[in-house]
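Remember, it's a predicted structure, so these values are computed and weren't measured experimentally. One-based numbering, in listed order, for ligands and for the atoms of each.
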Amino acid sequence: MKNIVITGGTSGIGLALARACRDRGDNVLVVAPDPVKGERFIEESEKRGAGKRVFFIPADLSLVSENKRVLGEIADTFSAVDALVLCARFFRSYRRVTAEGFEHNFALYYLSRFLLSHGLVESLRNAGTATVVNVAGPGISGHIHWDDLELERRYDGWEAMFQGGKLNDLLGVSWAAAHGDEGIRYVLQFPGGTRTGLAGEFDPATAAQIEQMKLNAAKSPEESIVPIVDVIDNPPAGPLTALWEDQPISLNQSSFDINAATRLHRLTEEALSRR
Ligand SMILES: NC(=O)c1ccc[n+]([C@@H]2O[C@H](COP(=O)([O-])OP(=O)(O)OC[C@H]3O[C@@H](n4cnc5c(N)ncnc54)[C@H](OP(=O)(O)O)[C@@H]3O)[C@@H](O)[C@H]2O)c1
């Protein structure tokens, strides 16, 4: 029986994973913004006799303050965390800045994952062997706007999403360099086109593209979680692994450059201390 924390666990891939882990006997803590969906997951779990093994923390993870609160609540719930699975995301065609002053996609898709990955190190260490699974898009092409990480000068929703994937790659690199020798594994995983809600706020052109993506998506969320469950049960040997669905991709490419990862880590800490 493992203790599993899943962000974005009330929809799509996160929900399918939460159900699968619950149904096989794990303790599952889901973090997501909508209390109604959270309550629905709890009720569904109670009906299946698993009410005592599921937990829900409502939170807007685009806010640094909320991530900090969530870290405290996770520590109050589990003394050890066997797996942290990061699935929360929200597409925005129009640039939005959070109440704390961060661009929304940067805050939710990257900064929250930075805060939770680093903030849970002690709980992960307590598990002995633990895995962080950052579900995103490792190794994808794209550009990091080093002088404008929050795309203030020229925002585009797709650009923000693709850049977020690249930032998560570098997060994996610097995180694994810092903690990989402590028995904790970091896995960057691309789930493949999956039939989920693909939630977001879209302009008309993007809304049409998203509908097409949903029609073309080859896999159900239940199919997409198979490699995620596998790395939770069989943590890879190396500190960092990047998977394209269930296939490892080479870390020997610019997406995983340690100097860029160190630079991003420093810039992230500076941005956090400034705001
Ligand atoms: N589906 C695909 O084809 C695909 C392809 C490539 C990569 N991925 C990656 O796979 C992961 C899961 O994707 P998905 O398709 O399952 O996404 P999804 O169905 O859109 O679910 C996203 C989850 O994030 C939650 N969320 C949204 N805003 C949040 C906030 N402010 N704070 C906390 N949680 C928030 C959502 O809450 P609600 O439940 O309330 O909506 C939902 O649970 C993502 O990282 C995505 O980038 C997916």
Just heavy atoms, cut-off under 4.0 Å: does [X] contact ligand 1 by side chain, backbone, both, or neither?
X	result
A217	neither
K214	neither
K37	side chain
L108	side chain

Derivation of the salt bridge (charged side-chain N to carboxylate O under 4.0 Å, His left out) call for D156 and R154: CA-CA 7 Å; D156 172 85; R154 192 186 147 276; 5.5 Å; no

Look at ligand 1 and say whether [X] reaches it with a heavy atom at a distance under 4.0 Å.
X	result
Q189	no
G137	no
G192	yes
F91	no

Geometry only, no angles: is [X] polar-contacting ligand 1 at N/O separations under 3.5 Å?
X	answer
G14	no
I13	yes
T196	yes
G8	yes

Is it true that a side-chain atom of [X] and a backbone atom of [Y] form a donor plus acceptor pair closer than 3.5 Å?
X	Y	result
R195	A218	yes
D34	V36	yes
D82	N3	yes

Would the [X] and [Y] ring centres measure less than 6.0 Å apart?
X	Y	answer
F55	F78	yes
F162	H143	no
F91	F202	yes

R113: numbered ligand 1 atoms lying under 4.0 Å from its heavy atoms: 45 (O)

Atom indices of ligand 1 within 4.0 angstrom of L198 heavy atoms, with elements: 1 (N), 2 (C), 15 (O), 19 (O), 20 (O)

Note the single closest protein heavy atom to [atom], along with its residue, its atom name and the distance in Å.
atom	value
atom 3 (O) of ligand 1	T194 N, 2.8 Å
atom 10 (O) of ligand 1	V135 CG1, 3.3 Å
atom 6 (C) of ligand 1	F190 CE1, 3.4 Å
atom 31 (N) of ligand 1	D60 OD1, 2.9 Å
atom 17 (O) of ligand 1	R89 NE, 3.6 Å
atom 12 (C) of ligand 1	C87 O, 3.4 Å

Residue among D230, V187, L243 satisfying side chain to side chain contact (heavy atoms under 4.5 Å, CB included) with P236: V187

Result of checking N168, V132, I184 against S117 for side chain to side chain contact (heavy atoms under 4.5 Å, CB included): V132

Closest non-hydrogen atom pair between C87 and V135, with its separation: SG-CG2, 3.9 Å

Donor on one side chain, acceptor on other, T268 and Y110, under 3.5 Å: yes

Test item: side-chain donor near acceptor, N126 and S79, under 3.5 Å: no

Would you tell me which option among [options] has the nearest heavy-atom contact to [atom]?
atom	options	result
atom 32 (N) of ligand 1	L15, D34, L61, I140	L61
atom 36 (C) of ligand 1	A88, G9, P33	P33
atom 8 (N) of ligand 1	A16, S224, P191, S11	P191

Hydrophobic cluster identity match, W175 and L108, side-chain contacts under 4.5 Å: yes

